[in-house]
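To start, the structure under review is shown below, and the notes come after it.
Values below: every heavy atom of this structure, side chains too, minus hydrogens, waters and symmetry copies. Each chain gets a letter, A, B and so on, in the order its sequence line appears, and its residues count up from 1.
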Amino acid sequence: MGVMAANVVHRHALPTRLWHWINAVAIVVLIGSGLGISNAHPRLYWGRYGATFDHAWWQLPRFPAWLTIPAGYNLAISRRWHLFFALVLAFGLLAYMIASLLNRHFQRDLRLRRRDLTRAHLAADWRAHLALRFHDPEDPRAYNAFQKISYVLVVFLALPLVILTGLALSPAMAAAWPWLLDLFGGRQSARSLHFLAMIAIAAFTIVHLALVILAGAWNEVRSMLTGRWRVPE
Amino acid sequence: MIARPLLPDRRTLIAGGAGLALAGCDRVIQYPAARDILFKGEDMHRALQRALTDRDALVPEFAPAQMSPIFRTNGTRDPGTPDYAALRAGRFADWRLAVDGLVARPLSLSLADLGRFAQRAQITRHDCVEGWSAIGKWQGPRLGDVLKAAGLRDAARYVVFRCADLYGGAPYYESIDLIDAFHPQTILAWAMNDRFLDVGHGAPCRLRVERHLGYKHAKYLMRITAVPTLAGIGKGRGGYWEDNVDYDWYAGI
């Protein structure tokens with residue numbers, strides 16, 4: 001993982017790169033098909049039950065055809081896409097987590113240290129972001145504090161939450177793992193949390209893409225394809 | 001003529017990329033091979049659930065205070081056929097549930113006959129494929145006891161439920177395998193919320209197969225048939241929705 005050319009470093013290990021792209025496809029398909037499923041009953045409830053005559057805390061909009069899979073309303077086909085890629089998402093994340101513990105990606109790159117979270121460090125990091133400097137010249141391979149925080153929140157919170165709340169929607173899993181429903185406060189609460197976790201993941205994805213563009217799209221994309229990343233001047 | 005740029009900028013590429021990915025899915029599924037892979041998701045979920053969890057696990061049951069104030073109806077609200085109207089007019093006194101197919105002793109059961117089996121009452125959650133849930137109380141004999149009374153033969157693999165209602169002109173039917181047929185919470189419900197089942201919810205008798213989505217819970221039951229295979233019944237995929245709109249036969253997901 002040392003310096004390869006004068007200013008090119010090996011940034012991302014193979015398991016990270018593989019999972020990144022598998023996960024990217026899964027996220028796009030799951031959000032598109034999930035919005036299609038939402039159109040079947042666009043109301044969110046808290047608690048164990050919730051149907052047409054119960055109080056909905058959020059009456060969702062009807063998602064337009066250009067955002068849903070398939071483009072025309074088809075609950076059965078949306079579910080086919082959603083449930084297939086749910087397996088890709090869940091087992092992909094599991095494999096990535098195991099690989100990243102073994103190759104120490106988590107321990108080395110994502111572990112938040114006390115100094116990352118000091119007020120002064122976060123303020124400096126924020127100013128660096130505003131100046132479009134996203135890496136530390138002393139240690140260019142390291143993630144900055146905001147990167148670490150957002151990756152940790154997505155990998156260890158939002159993705160597990162969206163997977164477990166999705167699993168809680170399965171009526172067979174209600175019998176197999178009833179604790180899952182207790183954990184989320186009932187099936188309709190799990191469904192609401194599933195939607196909120198999706199919003200968090202979608203928001204992360206939008207900011208992530210914006211920052212990739214600002215940081216130099218081609219260099220960043222190449223580093224996630226081949227691992228090679230040119231340290232900016 | 002105004003020259004148009006040949007290459008879109010990065011932002012257009014990325015925004016367009018997401019749009020293309022979604023549109024691409026609709027193209028991909030046109031290929032039968034891709035569709036087959038996608039539809040294998042159902043089998044994978046079923047195999048994983050059956051392999052990794054307890055096949056006899058019971059769904060949670062609730063207290064009366066936890067029931068939905070209004071349990072909405074869905075699907076057929078009234079079969080409306082002359083035959084059904086006649087049964088309804090006679091308060092289902094002439095209704096008989098046939099139990100046939102791969103059984104030693106075919107049965108013809110009245111509502112009173114169903115009441116003579118050991119009864120199971122359960123307050124459970126009903127989950128519609130659309131996403132809503134309602135909690136209600138159901139009572140009736142266990143399907144497993146009825147199948148034992150009929151003497152289910154070894155060759156039977158599935159149980160098919162035929163209904164009095166037509167959906168879009170086609171007779172509604174559903175099917176389950178023997179794991180679900182003999183599950184202790186799988187009952188032939190003739191009562192709901194301590195009253196006789198009403199027409200909107202499937203009078204005089206409906207299936208409750210609690211680990212599945214709502215469309216498996218066949219209403220207006222007329223005939224229960226034990227079969228070795230689902231081939232040759234309807235379009236062969238095990239149910240009205242499975243045949244006609246690609247719903248999963250395994251609706252535990």
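Comparing B:K40, B:M44, B:R55, B:R35 by heavy-atom pairs within less than 4.5 Å of chain A, the highest count is held by B:M44. Among A:A51, A:G32, A:A176, the residue making the largest number of heavy-atom pairs under 4.5 Å with chain B is A:A51. Heavy-atom pairs under 4.5 Å with chain B were tallied for A:T52, A:L87, A:I31, A:D182; the largest tally goes to A:L87.
Environment of OH in A:Y73: crowded, with over 12 heavy atoms of neighbouring residues, nucleotides or ligands closer than 6.0 Å. Enclosure of atom CH2 in A:W177 is not indicated, since only 12 or fewer non-hydrogen atoms of other residues, nucleotides or ligands lie within 6.0 angstrom.
B:P69 places a side-chain heavy atom less than 4.5 Å from the side chain of A:Y49. Inter-residue side-chain proximity for A:P70 and B:I29 is flagged as unmet; no heavy-atom pair is nearer than 4.5 Å. In this structure, the side chains of B:E42 and A:R80 come closer than 4.5 Å at one or more pairs of heavy atoms. Side-chain contact check for B:L48 versus A:F91: some heavy-atom pair is nearer than 4.5 Å. No side-chain heavy atom of B:V59 sits under 4.5 Å from any side-chain heavy atom of A:P171. Looking at heavy atoms from C-beta onward, A:D54 lies out of side-chain contact with B:W132 at the 4.5 angstrom threshold.
Residue A:R191 touches chain B through its side chain alone, counting heavy-atom pairs closer than 4.5 Å. Contacts between B:L58 and chain A at a heavy-atom distance below 4.5 Å involve the backbone alone (N, CA, C, O). The contact between A:L83 and chain B is made by backbone and side chain atoms together, counting heavy-atom distances below 4.5 Å. Neither the backbone nor the side chain of B:Q185 has a heavy atom closer than 4.5 Å to any heavy atom of chain A. Contacts of B:D248 with chain A are made by both backbone and side-chain atoms, with heavy-atom separations under 4.5 Å. For A:R79, the part lying near chain B is the side chain, with the backbone staying farther off; criterion is any non-hydrogen pair under 4.5 Å. Residue contact with chain A, scored on non-hydrogen atoms closer than 4.5 Å, is absent for B:F71. There is no contact between B:V209 and chain A, counting heavy-atom distances below 4.5 Å. In this structure, the portions of A:W81 lying under 4.5 Å from any heavy atom of chain B include both its backbone and its side chain.
Here the SG atom belonging to B:C128 is positioned 8.5 Å from the NE2 atom belonging to A:H41, to the nearest 0.5 angstrom. To the nearest 0.5 Å, the span separating OH on B:Y247 from CD1 on A:I77 amounts to 10.5 Å. The CD1 atom of B:I135 sits 6.5 Å away from atom CZ of A:R48, with the distance rounded to the nearest 0.5 Å. A distance of 8.0 Å separates CZ of B:R125 from CD of A:Q188, quoted to the nearest 0.5 Å. Taken to the nearest 0.5 Å, the OG atom of B:S68 stands 11.5 Å off from the CZ atom of A:F53. Rounded to the nearest 0.5 angstrom, A:S78 OG and B:D246 CG are separated by 11.5 Å.
Across every non-hydrogen atom of B:Y250 and A:A172, the tightest pair is OH-CB, 3.7 Å.
Identified by a heavy-atom distance below 4.5 Å to chain B, the contributing residues of residues 149-170 of chain A are A:S170, in residue-number order.
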